[in-house]
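Just so it is clear: chains get the letters A, B, ... in the order the sequence lines come, proteins before strands, and each one is counted from 1.
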Amino acid sequence: MRLKREFFIQPTLKVAKELLGKVLVRKYQKKLIEGIIIETEAYIGPKDKASHSYKNKFTQRNIVEYFLGGFCYIYLVYGMYWQLNITTFLANKPECVLIRAVFPISEKKILVNGPGKLCQYFKLDGSFFGEDLTTSKRIWIEDKKISFKDSEIKKTPRIGIDYAGKYWSKIKWRFVIEKF
DNA sequence: TGTCCGATATCCT
DNA sequence: GGATATCGGACAT
């Protein structure tokens, strides 16, 4: 059920698309918080100007991007919001997928439609930096065989990266399922 | 040590 | 559509 390393070490665009419909699971105070992933974005350094690893930039913050696929890259933006990313592909390929939204399984009334809200909903913070999704006891991703058609995946430009210039801010590396 | 600014959310018009 | 709160990290000094 839990996704294994093989899933995450595939090319990043493939992982970003295939994460849609998978279930993010968080164990918090002996309870499970679960949500169907419905929105992702791919960040493919070093060529991608919108990526933190553009031109192989390597800092304390983004070091985990250089890991193998399947680890959490989590960081704070705007001084108040955490963002959950999953590393992908091979070691020394600084690529990742930003998890932007889920459809909550447990509490369907709540809208989890943004990376900041998502981290609040799943109780995620900096302590998850570098967490291994294939072995962690408090966060992982499951394949519950939720199916949808390829044509139901909408592709759009990524959000909030106008600084990356005309080409990279417009490339359609954001993937959304709208059926949920 | 200081300055700049963001992979957002929310409220406003 | 636009403004802005808010603060740690990146990088220059």
Side-chain angles (χ1 to χ4, degrees), chain A residues 8 10-22 24 26 33 35-89 92-104 107-131 133 139 141 153-178 180:
Chain A
F8 297 105
Q10 301 179 94
T12 301
L13 289 174
K14 188 173 183 215
V15 175
K17 275 180 264 189
E18 293 192 359
L19 275 173
L20 295 174
K22 300 294 189 291
L24 181 60
R26 163 87 162 102
I33 304 171
I36 302 166
I37 296 170
I38 56 173
E39 183 178 339
T40 62
E41 284 180 4
Y43 286 87
I44 303 184
K47 65 181 179 182
D48 179 0
K49 203 170 176 183
S51 167
H52 292 162
S53 55
Y54 179 52
K55 289 185 175 171
N56 275 311
K57 191 160 84 167
F58 186 86
T59 65
Q60 275 305 111
R61 178 174 68 155
N62 77 352
I63 186 170
V64 71
E65 283 203 273
Y66 289 81
F67 287 13
L68 266 183
F71 292 84
C72 292
Y73 171 34
I74 191 162
Y75 63 89
L76 197 66
V77 277
Y78 300 113
M80 43 190 143
Y81 297 112
W82 292 99
Q83 312 259 305
L84 177 65
N85 298 250
I86 314 277
T87 66
T88 57
F89 212 36
N92 296 316
K93 300 278 186 186
E95 310 185 7
C96 66
V97 174
L98 170 64
I99 310 298
R100 289 190 55 89
V102 302
F103 181 79
E107 299 170 74
K108 297 187 177 177
K109 292 170 190 167
I110 299 177
L111 215 52
V112 186
N113 58 347
K117 286 188 195 173
L118 187 145
C119 287
Q120 288 173 8
Y121 178 71
F122 284 101
K123 315 282 187 199
L124 301 176
D125 57 29
S127 72
F128 285 81
F129 185 83
E131 190 96 352
L133 287 166
I139 186 169
I141 296 177
I153 299 179
K154 191 176 165 188
K155 299 174 188 174
T156 82
R158 295 170 291 176
I159 305 296
I161 52 157
D162 290 342
Y163 62 83
K166 283 185 181 165
Y167 181 79
W168 294 106
S169 66
K170 288 184 176 153
I171 194 165
K172 294 185 175 178
W173 282 356
R174 171 171 173 254
F175 306 99
V176 188
I177 320 178
E178 290 179 319
F180 293 104

Once you round it to whole Å, what is the distance between P of B:dA7 and NZ of A:Lys170? 18 Å

Output the distance between atom CG (A:Asn85) and atom CD1 (A:Ile74), rounded to the nearest 0.5 Å. 8.5 Å

Do the side-chain N or O atoms of A:Thr59 get closer than 4.0 angstrom to the phosphate oxygens (OP1, OP2) of C:dA10? yes

Between C1' of B:dA7 and OH of A:Tyr54, the distance in whole Å: 16 Å

Once you apply a heavy-atom cut-off of 4.0 Å, does A:Arg158 come out as touching a base, just sugar-phosphate, or nothing? nothing

Taking OP1 and OP2 of C:dC7, is either one under 4.0 Å from a side-chain nitrogen or oxygen of A:Tyr81? no

Please give, in whole Å, the distance from B:dT8 C1' to A:Trp82 CH2? 14 Å

Using the ring centroid of each side chain, check whether A:Tyr73 and A:Tyr75 are separated by less than 6.0 Å. yes

Of the options A:Arg174, A:Lys170, A:Glu41, A:Lys172, which is the one that meets A:Thr156 in a side chain to side chain donor-acceptor pair (under 3.5 Å)? A:Arg174

Pair A:Tyr43, A:Ile161 - check side-chain contact (heavy atoms from CB on, under 4.5 Å), show working. CA-CA 11 Å; A:Tyr43 286 87; A:Ile161 52 157; 3.8 Å; yes

Looking only at the side chain of A:Lys117 (C-beta and beyond, no hydrogens), which of the listed nucleotides C:dG8, C:dA10, B:dA9 gets closest? B:dA9

Taking C:dG8, B:dA7, C:dA10 as options, the one with an atom nearest any side-chain atom of A:Leu76 is C:dG8

Does the side chain of A:Tyr78 get closer than 4.0 angstrom to OP1 or OP2 of B:dT8 through an N or O atom? yes

Relative to the 5' end of DNA chain B, which residue comes earlier, A:Gln120 or A:Asn85, by the nucleotide with the nearest heavy atom? A:Asn85

When both distances are under 3.5 Å in a Watson-Crick or G-U wobble arrangement, the nucleotide paired with B:dA9 is C:dT4

For A:Tyr73 and B:dA7, give me the distance from atom OH to atom P, rounded to whole Å. 9 Å

Rounded to the nearest angstrom, tell me the gap between atom CD1 in A:Ile171 and atom P in B:dA7. 17 Å

How would you label the contact of A:Cys96 with the nucleic acid (heavy atoms, under 4.0 Å): base, sugar-phosphate, or nothing? base

Please report the distance, rounded to the nearest Å, between OH in A:Tyr163 and C1' in B:dT8. 13 Å

Take atom CD1 of A:Ile99 and atom P of B:dA7, then tell me their distance rounded to the nearest Å. 17 Å

Indicate whether OP1 or OP2 belonging to C:dG8 is found under 4.0 Å from a side-chain N or O atom of A:Arg61. no

Strictly below 4.0 Å: does A:Arg174 bring a side-chain N or O up to OP1 or OP2 of B:dA7? no

Spacing of A:Ile33 atom CD1 and A:Leu124 atom CG [to the nearest 0.5 Å]: 8.0 Å

Would you check if A:Tyr43 stacks with the base of B:dA7, given a 5.5 Å centroid limit and a 30° plane limit, both strict? yes

Rounded P spacing from B:dG2 to C:dT6 in Å: 22 Å

Value for OG (A:Ser51) from CD (A:Glu95), rounded to nearest 0.5 Å, stands at 8.5 Å

Could you tell me how far apart A:Leu98 (CG) and B:dG6 (P) are, to the nearest whole angstrom? 16 Å

Using both distances under 3.5 Å as the test, list the Watson-Crick or G-U wobble partner of B:dC4, or none. C:dG9

